[in-house]
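Atoms within each ligand, like the ligands themselves, are counted from 1 in listed order. Below, each value reflects all heavy atoms present in this structure, side chains not excepted, and no hydrogens, waters or symmetry copies. For the single chain, residues carry numbers from 1 onward in sequence order.
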Amino acid sequence: MATEPPLAFLQSRVLLVLLAIASLVLQTVALAQALSLEEASTHDLQLAFRQNNLTSRQLTNFYLNRIRMLNPLLRGVIEVNPDALSQADRADRERKAKPYGSLSALHGIPILLKDNIATKDKMNTTAGSFALLGSVVPRDAGVVARLRRAGAVLLGKASLSEWAHYRSSGAASGWCARSGQGKNPYNLSEDPCGSSSGSAISVAANMGAVSLGTETDGSILCPSSSNSVVGIKPTLGLTSRGGVVPITPRQDTVGPMCRTVADAVDVLDVIVGFDPYDAKATREASKYIPRGGYKQFLKADGLKGKRLGIFKPFFDFSSVSPVAKALESHFNILRKQGAVLVMGLANFSEVYSDSSEGVAMSAEFKLALNAYLRDLAVSPVRSLADVIAFNNRHKHVEKIDEYGQDYFLASQATNGIDKTVKSAWRNMTRLSRDGFEKLMKQNKLDALVTPDSMVTPVLAIGGFPGISVPAGYDEHGVPFGICFGGLRGSEPTLIEIAYGFEQATKVRKPPSFKW
Ligand SMILES: *[C@@H]1O[C@H](CO)[C@@H](O)[C@H](O)[C@H]1NC(C)=O
Ligand SMILES: *[C@@H]1O[C@H](CO)[C@@H](O)[C@H](O)[C@H]1NC(C)=O
Ligand SMILES: *[C@@H]1O[C@H](CO)[C@@H](O)[C@H](O)[C@H]1NC(C)=O
Ligand SMILES: *[C@@H]1O[C@H](CO)[C@@H](O)[C@H](O)[C@H]1NC(C)=O
Ligand SMILES: *[C@@H]1O[C@H](CO)[C@@H](O)[C@H](O)[C@H]1NC(C)=O
């Protein structure tokens with residue numbers, strides 16, 4: 001695992017950061033004086049566009065400069081889009097030509113995409129691995145097609161834990177061969193969490209306005225928690241997985257990672273919906289999409305009357321840590337805002353997954369990845385076996401000796417959907433039905449509240465949604481979030497709760513890049 005860098009190296013990195021920040025300040029001071037772009041929300045930005053105080057080109061340049069200055073240190077971005085500025089120009093022209101109110105909330109807004117989300121343009125889609133460099137995707141991912149139609153500026157590809165952290169159990173969070181180790185901007189020596197590490201790091205550090213991540217189990221919720229951003233892991237199928245480098249279609253989801261709940265909702269509104277390339281799941285989940293979209297659920301009094309379940313074992317109130325203190329005060333705020341806290345939920349084993357998730361995933365990954373690779377227009381690798389062989393030929397750059405590829409090897413050794421996998425599926429259906437679903441219904445809960453991302457396996461195996469909202473900073477300055485999880489299709493309720501909590505607490509602050 002990671003070794004301590006020598007002191008001289010550390011000091012030179014500190015100097016580098018200071019220089020980077022100083023020059024960044026100089027470069028952006030003119031723009032910042034006119035309008036504070038740091039921490040600007042999509043709502044602020046649209047207002048500035050409309051008042052002719054800002055163009056999408058200026059905004060895109062602001063983020064490109066931030067990436068140039070900060071990314072050598074943070075490594076949250078793998079590639080920037082050579083067409084970003086021309087897309088911004090087009091948005092600026094369209095805004096002049098079209099009537100006010102006819103444009104989407106993301107029109108002209110620069111977005112970063114996790115590098116496992118396909119774009120059919122000059123950018124590569126590689127899940128962070130050299131094995132996919134030079135591959136050509138057949139088409140944009142379903143969510144990307146929607147972003148383009150909405151007029152968003154595709155700013156670049158965000159880094160990730162390579163292969164969405166499904167190559168090996170031993171790999172570091174936030175590491176991929178193509179861009180190296182992503183850093184937590186709040187404490188550069190701490191874990192950014194993954195696998196959507198770059199998406200979280202980048203929006204936290206204002207290297208993009210908004211971003212997309214993906215989650216199979218924890219990959220949106222955990223990095224959101226660790227980088228003080230809001231992450232929405234939607235109900236399975238609410239957002240298309242078409243054109244996303246898969247782990248398993250049984251659990252994979254695409255969701256927004258942004259600085260505020262309102263920004264995340266603006267992104268969600270654009271990306272949800274049917275996609276012929278993920279037809280079954282997106283058709284089934286489209287019944288959950290509310291008429292008029294999700295924005296209507298951004299209510300300041302969203303917590304009023306909500307029943308929130310608290311899992312005692314997840315909250316350590318005996319401790320005097322800043323985390324325990326913050327959570328205790330948040331509980332009081334939740335009550336003050338009119339929520340009812342149901343505290344008696346003590347037994348986690350009843351709603352927790354067993355080994356079934358891992359067993360099923362291992363078999364499903366090989367099938368799903370092989371199908372993705374076969375569908376590519378051009379690719380140096382066409383199967384999981386090819387990727388494993390590639391890694392063995394490029395041991396050094398892919399850090400095979402250090403991090404291994406045990407998940408890949410185990411998956412390669414599986415034989416399709418056999419009896420064991422079917423038994424695992426049955427177990428997970430039973431665990432969800434007798435566990436989380438029963439718990440929610442019996443206690444008439446609107447959401448289950450957990451710190452950080454501890455609840456993710458429960459949400460993962462049932463295709464349930466969750467939202468992580470910034471909740472504080474620990475003794476090392478590392479952020480932590482609070483997660484609201486609910487039944488399938490409960491995004492409207494979760495958004496009311498998350499927005500109510502965010503507005504009552506306002507915990508997020510921009511990072512200061514300390515070691
Ligand atoms: C936009 O410009 C106008 C006029 O210069 C100014 O009054 C207003 O405050 C500006 N708005 C923003 C968001 O900067
Ligand atoms: C995509 O990868 C190729 C190397 O194969 C590189 O030349 C190109 O610059 C990459 N695209 C972007 C947008 O960085
Ligand atoms: C928790 O649930 C497990 C599994 O259902 C059960 O065996 C155990 O007795 C329960 N523990 C408590 C404290 O209720
Ligand atoms: C499914 O559950 C049964 C009974 O609890 C257990 O024996 C079996 O090992 C589980 N299957 C898997 C794949 O975990
Ligand atoms: C960052 O974390 C390290 C431990 O990983 C700790 O020693 C250090 O004090 C932290 N820095 C800050 C600024 O809190």
- Output the list of atoms in ligand 5 that are nearer than 4.0 Å to some heavy atom of W515, sorted by atom number. 1 (C), 10 (C), 11 (N), 12 (C), 13 (C)
- Numbering the atoms of ligand 2 from 1, which are under 4.0 Å from a heavy atom of K122? 11 (N), 12 (C), 13 (C)
- Polar atom proximity, E475 to ligand 5 (N or O, under 3.5 Å): no
- Query: Counting each atom of ligand 2 from 1 as listed, which ones have a heavy atom of P82 under 4.0 Å away?
  - Reply: 13 (C)
- Using distance alone, with no hydrogens and no angle criterion, decide if K114 and S219 have a side-chain donor and acceptor under 3.5 Å apart. no
- Item | S129 and R178 side chains, donor-acceptor separation under 3.5 Å | no
- Task: May I ask you to list the atoms of ligand 2 that are less than 4.0 angstrom from any heavy atom of V80?
- Result: 13 (C)
- Message: Would you say that more than 12 heavy atoms from the other residues, nucleotides or ligands in this model lie under 6.0 Å from the CZ of F130, or not?
- Response: yes
- Check whether any side-chain N or O of D252 sits under 3.5 Å from a backbone N or O of I247 as a donor-acceptor pair, and report yes or no. yes
- Task: For the residue pair Y166 and Y407, categorise the inter-ring angle as parallel (less than 30°), tilted (30 to 60°) or perpendicular (more than 60°).
- Result: parallel
- Heavy-atom check, side chain of H476 versus side chain of Y186, under 4.5 Å: no
- Query: Within 45 degrees of the axis of the six-membered ring of Y403 and under 6.0 Å from its centre: does R167 put its NZ or CZ there?
  - Reply: no
- Query: Can any side-chain N or O of R259 pair as donor or acceptor with the backbone N or O of V203 at less than 3.5 Å?
  - Reply: yes
- Task: Compute the ring centroids of F480 and Y473, then answer whether they are less than 6.0 Å apart.
- Result: no
- N/O to N/O below 3.5 Å, does that happen between E190 and ligand 5? yes
Can you pull every nitrogen or oxygen pair between ligand 4 and the protein closer than 3.5 angstrom?
| unit_1 | atom_1 | unit_2 | atom_2 | d |
| --- | --- | --- | --- | --- |
| ligand 4 | 2 (O) | N427 | OD1 | 3.0 |
| ligand 4 | 2 (O) | N427 | ND2 | 2.3 |
| ligand 4 | 11 (N) | S423 | OG | 3.3 |
| ligand 4 | 11 (N) | N427 | ND2 | 2.8 |
| ligand 4 | 14 (O) | S355 | OG | 3.1 |
| ligand 4 | 14 (O) | S356 | OG | 3.2 |

- Query: Taking distance alone, with no angle check, do N124 and ligand 2 share an N/O pair under 3.5 Å?
  - Reply: yes
